[in-house]
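The structure appears right after this line, and notes come after that.
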Amino acid sequence: MPIRFYNSLSRSIEEFNPIRPGRVGMYTCGPTVYNYAHIGNYRAYMFEDLLRRTLKFCGFEVRQVMNLTDVDDKTIRGSREAGLPLDEYTRKYKDAFFEDIGVLRIEPAEVYPEATRHIDEMIGLVEALLTAGVAYRADDGSVYFSISRFPRYGQLARIALDPERQVARVRHDEYAKESIADFALWKAWDEADGDVAWESPWGRGRPGWHIECSAMSMRYLGKSFDIHTGGVDNLFPHHEDEIAQSEAATGRKFVNYWLHCAHLMVDGRKMSKSLGNFYTLRDVLDRGFSGREVRWELLRTHYRQTLNFTFQGLRDARVSLNRLDEFVTRLKEAAVEPNAGRDAVEERCRNAAAAFLAGLEDDLNISAALAALFDLVRDVNRMIDAGECRGNAAETVLGRLRDMDRVLGVLDVDRSETVPGEIQALVDERQAARKARDYARADAIRDELTAKGWTIEDTPKGPRVKRA
Ligand code: AMP
Ligand code: ZN
């Protein structure tokens with residue numbers, strides 16, 4: 001089956017066909033680096049990670065471009081409040097972003113263009129829009145996009161312009177649907193910008209946020225490309241404005257598939273900086289959760305469903321991952337035994353792989369993909385119990401897990417957990433106590449391990465210790 005996505009532009013599920021067979025150009029609105037990204041932002045980046053990994057899994061070559069918004073209303077305000085030059089102020093949050101995506105095992109994009117390094121491209125695009133007659137200069141030297149001169153305006157957000165209505169002008173980067181208006185392409189310098197300004201044919205100023213993404217996406221992916229993604233809050237005005245600017249300048253269709261993820265919510269409201277109901281990744285790690293657990297929690301809900309963030313959710317993620325880790329350990333133990341059950345196990349694996357792929361191809365239906373994985377775990381566990389999955393059969397399953405993990409990025413098939421020396425010493429001591437039939441002492445050590453967050457299980461091959 002070909003892969004299918006829900007396209008926000010057509011509001012329907014469509015078969016995905018890239019412009020150039022086998023290759024995908026994909027643009028992702030990246031972080032505005034005025035603060036640490038919160039895990040709501042990471043839900044968006046996680047969905048995009050699942051998308052790129054799935055496309056690669058399906059054999060496509062992916063070129064993903066993710067911009068860093070390092071000049072806009074928010075970054076300028078932040079740098080002025082901090083009393084730092086803009087570059088220095090945003091550097092810290094850029095570094096933090098790259099650290100975070102490493103912790104979350106998000107695959108890096110191919111290109112990370114920074115807005116401040118692409119001002120020439122933005123100026124060029126504004127000039128093209130003035131030449132095309134869809135932009136105009138305002139009295140203060142700013143340049144605005146005229147939405148009434150672009151008849152297709154509103155195609156993504158499905159807004160119909162009222163030809164009778166006088167169109168207002170909006171200078172801010174962010175505004176609501178109710179205040180649909182001509183938006184700033186180039187903002188003439190004003191007091192609030194401090195020393196942030198570039199020379200342009202219209203005097204000193206800076207780009208608007210929307211033109212940044214049009215300029216950087218087309219610079220690295222061409223005038224028309226395959227996929228554009230973001231959180232659903234980017235749909236209007238940001239993506240609507242990107243389409244208007246790009247298509248008015250080039251006369252071509254800008255993007256074929258628009259994919260948007262639903263929000264991460266807290267107590268029924270969107271997690272956001274402005275509401276103050278957010279957790280950064282650091283906040284969550286400080287509470288003892290791992291990047292892998294956060295990854296799982298953000299990944300396991302379909303991207304178009306809102307996801308309610310709770311710490312209980314993270315604890316559940318830990319339980320699921322423990323179950324998978326245990327499964328991997330069992331398989332590794334079974335793999336060193338004499339061969340048994342290969343044919344049946346192989347068939348079971350083939351079915352699981354087919355169901356896993358079919359789920360992903362169906363608009364990234366992660367629930368179906370994970371159900372395929374957990375069904376496999378259940379069945380193979382039974383086969384191991386019955387001695388029907390040993391040696392090369394167990395190796396086969398491990399191979400399948402490695403394969404699925406190219407998409408999931410959580411399984412750690414080849415990473416053995418390192419047990420800290422202090423814990424290993426207790427395990428050894430308990431073993432010695434058991435040998436000496438000092439069961440009271442052995443139990444006391446078990447309790448001590450539990451208190452330290454480790455569980456111990458006695459197997460025919462000796463004790464197995466793992467994180468609780
Ligand atoms: P920003 O840094 O605000 O430009 O946002 C970066 C990305 O995070 C964009 O794709 C937003 O749509 C997305 N985003 C922001 N808040 C949330 C949220 N609560 N849930 C999901 N995505 C979000
Ligand atoms: Zn953008």
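In listed order, ligands and their atoms are each counted from 1. If you read the sequence from its start, that first residue is 1, and numbering goes on from there.
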Checklist entry - Does a side-chain N-to-carboxylate-O contact under 4.0 Å join R282 and D100? => result yes
Item to check | Exercise: do H210 and H239 side chains pair donor with acceptor under 3.5 Å | outcome: no
Checklist entry - Which residues and atoms, counting only protein N, O or S, are under 2.8 Å from the Zn ion (ligand 2)? => result C29 SG, C213 SG, H238 NE2
Enumerate, one pair per line, all nitrogen or oxygen atoms of ligand 1 lying under 3.5 Å from a protein nitrogen or oxygen, stating the separation to 0.1 Å; write 'none' if no such pair exists.
unit_1, atom_1, unit_2, atom_2, d
ligand 1, 2 (O), T32, N, 3.1
ligand 1, 2 (O), T32, OG1, 3.4
ligand 1, 4 (O), T32, OG1, 3.1
ligand 1, 5 (O), N41, ND2, 3.3
ligand 1, 8 (O), N41, ND2, 3.1
ligand 1, 10 (O), G231, N, 3.0
ligand 1, 10 (O), N234, OD1, 3.1
ligand 1, 12 (O), G231, N, 3.1
ligand 1, 12 (O), D233, OD1, 2.4
ligand 1, 12 (O), D233, OD2, 3.4
ligand 1, 12 (O), N234, OD1, 3.4
ligand 1, 19 (N), L264, O, 3.1
ligand 1, 19 (N), M271, O, 2.8
ligand 1, 20 (N), G40, O, 3.4
ligand 1, 20 (N), L264, N, 2.8
ligand 1, 22 (N), G40, O, 3.1

Item to check | Check: T301 side chain, E297 main-chain N or O, donor-acceptor pair, under 3.5 Å | outcome: no
Could you list the donor-acceptor pairs under 3.5 angstrom formed between side-chain atoms of residues 121-131 and any protein atom two or more places apart in sequence or on another chain?
unit_1, atom_1, unit_2, atom_2, d
E121, OE2, R219, NE, 3.1
T131, OG1, E127, O, 2.9

Item to check | Residues D316 and Q312: side-chain donor-acceptor under 3.5 angstrom | outcome: yes
Checklist entry - Please walk me through it: do R171 and D73 pass salt bridge (charged side-chain N to carboxylate O under 4.0 Å, His left out)? => result CA-CA 10 Å; R171 190 182 154 87; D73 297 350; over 6 Å; no
Checklist entry - Tell me, do Y144 and W186 make a side-chain contact under 4.5 Å, heavy atoms counted? => result no
Checklist entry - Does the side chain of H118 pick up a donor-acceptor pair with the side chain of E114 at under 3.5 Å? => result no
Could you list the donor-acceptor pairs under 3.5 angstrom formed by side chains in residues 57-67, with sequence neighbours left out?
unit_1, atom_1, unit_2, atom_2, d
R63, NE, Y220, O, 3.1
Q64, OE1, R52, NH1, 3.0
Q64, NE2, T28, OG1, 3.0
N67, OD1, Y27, OH, 3.2
N67, OD1, G30, N, 2.7
N67, ND2, T69, OG1, 3.0

